[in-house]
Number of protein chains: 4
Amino acid sequence: MRRATKMRETSEARRSELIVATLKSLRKHGYINSTINTISEESGLSRGLISHYFANKDDLLIVAHKYYLQNVDDFFRHVVWSTKSGHFGKLFYSVSVPFLRDTGFEQMLVHYFSAAWMLPEVLRMHRDLWGRYRTNIQHRISAAARERGLVMDTRLAAITLTQLVDGLWLGWVMEESYTQEDCRMILRKWLCEQFHEDPEMYPLTPDIDLTHFETAAPLPHIDD
Amino acid sequence: MRRATKMRETSEARRSELIVATLKSLRKHGYINSTINTISEESGLSRGLISHYFANKDDLLIVAHKYYLQNVDDFFRHVVWSTKSGHFGKLFYSVSVPFLRDTGFEQMLVHYFSAAWMLPEVLRMHRDLWGRYRTNIQHRISAAARERGLVMDTRLAAITLTQLVDGLWLGWVMEESYTQEDCRMILRKWLCEQFHEDPEMYPLTPDIDLTHFETAAPLPHIDD
Amino acid sequence: MRRATKMRETSEARRSELIVATLKSLRKHGYINSTINTISEESGLSRGLISHYFANKDDLLIVAHKYYLQNVDDFFRHVVWSTKSGHFGKLFYSVSVPFLRDTGFEQMLVHYFSAAWMLPEVLRMHRDLWGRYRTNIQHRISAAARERGLVMDTRLAAITLTQLVDGLWLGWVMEESYTQEDCRMILRKWLCEQFHEDPEMYPLTPDIDLTHFETAAPLPHIDD
Amino acid sequence: MRRATKMRETSEARRSELIVATLKSLRKHGYINSTINTISEESGLSRGLISHYFANKDDLLIVAHKYYLQNVDDFFRHVVWSTKSGHFGKLFYSVSVPFLRDTGFEQMLVHYFSAAWMLPEVLRMHRDLWGRYRTNIQHRISAAARERGLVMDTRLAAITLTQLVDGLWLGWVMEESYTQEDCRMILRKWLCEQFHEDPEMYPLTPDIDLTHFETAAPLPHIDD
DNA sequence: GATGAATGAGGGTTCATTCAT
DNA sequence: AATGAATGAACCCTCATTCAT
């Protein structure tokens with residue numbers, strides 16, 4: 001039994017190694033240029049092993065995407081939970097999440113947007129996560145509005161906010177013509193206008209540890 | 001000479017056919033699954049002919065993207081020029097452009113966002129056009145603000161507006177959980193808030209012909 | 001009738017242009033890299049025209065080879081006929097022929113040696129011309145030997161001489177490590193040894209015009 | 001380790017199979033008509049495997065040529081080392097080498113002469129080996145001349161001898177109008193004349209085993 | 001007679017996948 | 001569990017040839 005457990009751990013470790021290698025390869029070579037070869041080279045494991053752990057390449061890509069989204073989600077939770085502030089502050093920091101770190105894997109998401117139309121599972125995952133995020137944001141908007149006795153179309157407000165985040169993120173990745181700080185400033189401005197808050201009260205960077213957080217899907221450190 | 005002219009016209013027609021077929025193929029099969037085969041099938045022409053008109057597949061993809069962006073740009077000009085209204089109205093309708101028609105090719109752009117990282121020319125074109133758009137929008141924002149004696153950070157405002165557009169567009173394409181009208185309403189709301197205008201004064205749909213406009217890059221009608 | 005004649009001349013001129021362009025292309029791009037395209041570019045005529053004058057590419061290559069061999073043969077005759085000397089002198093200069101000019105097309109022959117095994121007609125032509133040369137040389141050897149009252153195996157002598165020529169030519173083309181003058185010196189030495197002649201009596205270069213001679217297959221001047 | 005060694009041996013065996021199949025294909029179809037298809041058919045292995053063992057087709061062709069030249073070189077060494085005779089005898093048999101066996105691959109060399117102008121590495125190998133051969137021959141000529149107190153231009157003599165060999169070989173391959181024995185007789189005659197030796201003293205065929213010799217590059221037996 | 005648009009077979013190469021070891 | 005040799009389909013591209021103009 002000890003051995004079986006050990007084996008399972010090893011197996012899981014192997015799976016993770018392959019998943020992380022996949023993300024690295026996607027990041028380095030792009031989507032179409034990521035092959036079984038580049039992935040196995042990145043992992044230091046053999047090509048054949050991939051078939052051992054994953055049904056096929058698509059499966060691996062899907063699982064890798066799930067892994068990446070898991071990390072994003074865990075970071076989101078971490079930021080929201082760690083932040084000591086009221087509804088409004090939590091709302092602000094929760095939408096700032098994409099602009100509070102630079103993992104080096106941001107660009108990769110664009111490839112998955114494209115791949116989503118070839119891999120239905122990826123599209124499903126995307127819509128699921130994005131939908132949950134928007135619902136979550138909409139609830140926070142409702143709470144902050146109720147707190148202030150404000151009336152607003154929370155559905156449209158949530159769409160506005162989440163898509164402003166998405167648009168800022170997309171432009172930041174694609175154009176590299178403005179900074180993450182610009183993004184946070186823009187988001188704070190919009191939120192403060194909506195909720196009649198004073199921007200000065202909310203520092204652009206939350207006072208929490210942004211580098212360490214609990215996640216079952218750690219991303220490798222990239223230094224190039 | 002008549003003949004030469006005729007021949008050249010024919011040639012141009014063939015080029016266009018191949019370009020449009022490429023866009024159709026990209027739309028239907030996505031980037032990675034669009035091959036010389038799918039394109040030639042879509043066009044009804046032979047595989048070899050593609051090499052006759054384009055240096056290689058990448059060249060064709062780049063030219064096709066240029067063609068598509070040309071159409072988008074021409075539609076943008078059409079909307080802005082046709083609209084009879086002041087600075088503010090023109091600003092509103094110019095950012096509403098992506099939500100004033102549904103060509104069926106919107107999803108294709110996502111594939112090009114991904115392809116941009118493999119084809120530097122595509123990235124260059126993207127950044128060039130997006131940059132020019134944002135500059136254009138920033139000028140309009142300045143003009144509208146000046147008109148009203150308002151002071152604002154036009155750079156951040158332009159980023160906010162263009163990226164709100166991009167984000168709304170991205171979510172609309174990827175999630176299909178809200179409408180183009182939602183998008184226009186959101187944009188109108190943000191603009192009216194910034195410029196203290198009354199939304200009721202600006203109908204969501206401009207009173208112009210949205211289906212016919214001059215362009216050297218017409219898109220085919222899609223019905224599936 | 002005048003017109004018909006004119007037309008025919010024009011046709012023949014076109015054929016020649018294409019043939020010469022073929023030789024130029026073979027020289028410049030080598031055998032495998034010479035395509036209908038490179039040939040038509042070299043000739044300044046259209047691709048389609050080649051099919052008008054030649055059955056197919058192989059036909060053109062064969063005719064071009066015939067053309068080249070014709071030129072070589074005509075130069076051979078020119079040298080032999082122009083030289084004012086006895087049997088021995090004529091023999092010497094006739095075998096020196098390959099080393100009395102540098103047309104720039106020598107290397108091309110190597111490609112035809114290879115092509116001969118794919119194009120039976122080329123092999124036939126090669127064997128025919130080489131056979132006639134050797135017979136011719138053998139006759140001259142016989143005559144020179146008879147003149148001097150020498151007895152020798154003229155068959156083996158002819159093989160020796162013609163193949164020494166071929167070998168010198170091949171090495172000169174392939175290795176570029178010795179000169180045409182070396183070749184003529186070697187041939188003179190061998191001949192003088194066989195016929196007890198004094199090399200000093202026979203200058204390495206015959207006193208004739210080596211650049212102008214009658215031929216139906218003129219080669220273009222190469223200057224690169 | 002046993003397995004690794006076994007695997008490596010297997011790999012090397014596959015490489016050799018592909019190389020030999022390449023030589024066979026070149027022999028049968030010539031240079032231009034030898035394709036990945038003909039080679040894989042000749043080997044009985046799949047097309048894809050070639051890319052597994054060789055960088056590309058050119059690489060395979062170059063390696064195959066190297067292999068063939070290795071065999072030729074090893075046979076040369078074998079003949080020279082096995083022959084029990086003085087400087088002169090060794091010289092005679094060393095130049096007779098091309099006419100002491102018929103592997104069935106002679107014609108193939110003509111294709112490589114042509115290919116050399118497309119594949120610089122092949123030209124380099126050719127010039128290297130031919131250069132070394134001539135130097136070797138020149139040394140033997142010097143030694144034999146010194147032995148007899150003869151004075152001669154050893155450079156020209158070496159060129160004469162090696163190119164007589166090449167020319168005889170070329171004519172033998174291309175024309176098939178004389179025999180290998182003719183060639184050996186011609187070479188013996190020339191050598192004996194130069195060194196005042198009696199041909200009768202040197203049998204045309206050396207008294208050694210011509211079919212078995214050590215080589216890392218064995219050629220297959222051809223029977224068609 | 002002359003053109004070059006159009007074809008499609010076949011070229012080399014890549015790559016996900018299988019499978020014997 | 002792990003390897004990498006082996007496969008073959010599909011990729012992009014080249015090219016000789018055909019044919020409408």
Side-chain angles (χ1 to χ4, degrees), chain A residues 7 10-11 14 32-40 45-61, chain B residues 2-4 6-8 10-11 13-15 18 32-40 43-61, chain C residues 7 10-11 14 32-40 45-61, chain D residues 2-4 6-8 10-11 13-15 18 32-40 43-61:
Chain A
M7 299 289 274
T10 306
S11 283
R14 282 275 184 270
I32 16 175
N33 294 325
S34 280
T35 68
I36 293 285
N37 243 333
T38 64
I39 294 170
S40 66
L45 298 168
S46 75
R47 287 208 304 279
L49 201 59
I50 292 173
S51 299
H52 216 270
Y53 285 103
F54 302 93
N56 50 37
K57 194 192 173 189
D58 282 355
D59 180 34
L60 174 54
L61 288 171
Chain B
R2 280 279 296 278
R3 217 178 93 201
K6 181 69 190 316
M7 297 291 274
R8 187 129 41 128
T10 305
S11 283
R14 280 278 182 270
R15 270 183 75 90
L18 287 170
I32 14 174
N33 294 324
S34 279
T35 69
I36 293 284
N37 248 333
T38 64
I39 294 170
S40 66
S43 69
L45 297 168
S46 73
R47 288 205 304 279
L49 199 59
I50 291 173
S51 298
H52 202 267
Y53 284 103
F54 301 93
N56 49 40
K57 193 194 171 190
D58 282 356
D59 180 36
L60 174 54
L61 289 172
Chain C
M7 297 289 273
T10 306
S11 284
R14 283 272 184 272
I32 17 175
N33 294 324
S34 280
T35 68
I36 292 285
N37 243 333
T38 64
I39 293 170
S40 65
L45 298 168
S46 74
R47 288 210 301 281
L49 201 58
I50 291 173
S51 300
H52 215 272
Y53 285 103
F54 302 93
N56 50 38
K57 194 191 174 190
D58 282 356
D59 181 34
L60 174 54
L61 288 172
Chain D
R2 278 280 295 278
R3 217 179 92 201
K6 180 69 192 314
M7 299 291 274
R8 186 129 42 128
T10 304
S11 283
R14 279 279 182 269
R15 270 183 75 90
L18 287 170
I32 13 173
N33 294 324
S34 278
T35 70
I36 294 286
N37 250 332
T38 63
I39 293 170
S40 65
S43 69
L45 298 167
S46 74
R47 287 208 304 281
L49 199 58
I50 291 173
S51 298
H52 202 267
Y53 285 102
F54 301 92
N56 50 39
K57 193 194 171 191
D58 281 357
D59 180 36
L60 173 54
L61 289 173

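Per chain, numbering begins at 1; letters A, B, ... match sequence-line order.
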Q: Expressed in angstrom and rounded to an integer, what is the separation of L45(D) atom CG from dG4(F) atom P?
A: 20 Å
Q: Determine the minimum heavy-atom distance between L49(C) and R14(C), stating which atoms define it.
A: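 Nearest pair, atom of L49(C) first, then R14(C): CD2-CD, 3.9 Å.
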Q: Quick check: closest heavy atoms across S43(B) and S40(B), and the distance to 0.1 Å?
A: OG-O, 3.0 Å
Q: Which nucleotide sits closest to the side chain of R47(A): dT3(F), dG12(E), dA5(F)?
A: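 Taking heavy atoms from C-beta onward, the closest nucleotide is dA5(F).
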Q: When you measure from the side chain of S46(A), which nucleotide among dT3(F), dA2(E), dT13(E) comes out closest?
A: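 Nearest to the side chain of S46(A) among the choices is dT3(F).
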Q: Of the options dA2(F), dA5(E), dG12(E), whose atoms approach the side-chain atoms of R14(A) most closely?
A: dA2(F)
Q: Starting at CG of L60(B), measure out to CZ of R15(B) and round the result to the nearest 0.5 Å.
A: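 One gets 8.5 Å once the value is rounded to the nearest 0.5 Å.
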Q: Can you tell me how far C1' of dG12(E) sits from CG of N33(D), to the nearest Å?
A: 15 Å
Q: Kindly compute the distance separating CD1 (I36(A)) from CG (N56(A)), expressed to the nearest 0.5 Å.
A: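 Reported value, rounded in 0.5 Å steps: 8.5 Å.
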Q: Let me confirm one number: the OH-CG distance from Y53(B) to D59(B), rounded to the nearest 0.5 Å.
A: 14.0 Å
Q: Heavy-atom nearest nucleotide on DNA chain E for G48(C) versus T38(D): which residue maps closer to 5'?
A: G48(C)
Q: What's S51(D) touching, base or sugar-phosphate or nothing? Going by heavy atoms closer than 4.0 Å.
A: base
Q: When the nearest nucleotide of DNA chain F is assigned to I32(C) and to I50(D) on a heavy-atom basis, which residue is associated with the more 5' position?
A: I50(D)
Q: Considering only side-chain heavy atoms of H52(D), which listed nucleotide, dG4(E), dT7(E), dA6(F), is closest?
A: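 Among the listed nucleotides, the one closest to the side chain of H52(D) is dA6(F).
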Q: Could you work out which one of dA2(E), dC11(F), dA5(E) sits closest to the side chain of N37(B)?
A: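 Nearest nucleotide to the side chain: dC11(F).
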Q: Applying side-chain contact (heavy atoms from CB on, under 4.5 Å), run through L18(B) and I50(B) and close with a yes or a no.
A: CA-CA 7 Å; L18(B) 287 170; I50(B) 291 173; 3.9 Å; yes
Q: Tell me whether T38(C) contacts the main-chain N or O of S34(C) through its side chain, where contact means a donor paired with an acceptor under 3.5 Å.
A: no
Q: Measure from CG on L60(A) to P on dC15(E) and round the result to the nearest Å.
A: 16 Å
Q: What integer distance in Å separates F54(C):CZ from dT18(F):P?
A: 16 Å
Q: Among the nucleotides dC13(F), dA6(F), dT3(F), which one has an atom lying closest to any side-chain atom of L49(A)?
A: dT3(F)
Q: In whole Å, I'd like the distance from the CG atom of L61(A) to the P atom of dC15(E).
A: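 For the pair L61(A) CG and dC15(E) P, the rounded distance is 14 Å.
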Q: Starting at the 5' end of DNA chain E, write a dot or bracket for each base, bracketing those in Watson-Crick or G-U wobble pairs whose two distances are under 3.5 Å and using | for partners on another strand.
A: .||||||||||||||||||||
Q: Compare the minimum distances between each of dT13(E), dC13(F), dT17(F) and the side chain of I36(C), then state the nucleotide with the smallest one.
A: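 The closest nucleotide is dT17(F).
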Q: Could you check how far CG of N56(B) sits from P of dG11(E), rounded to whole Å?
A: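 Atom CG in N56(B) sits about 22 Å away from atom P in dG11(E).
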Q: Quick one: label Y53(A) by what it contacts on the DNA or RNA (base, sugar-phosphate, nothing), any heavy atom closer than 4.0 Å.
A: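 Answer is sugar-phosphate: Y53(A) comes under 4.0 Å of backbone atoms only.
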Q: How many whole angstroms separate atom CG of D59(C) from atom C1' of dA16(F)?
A: 14 Å
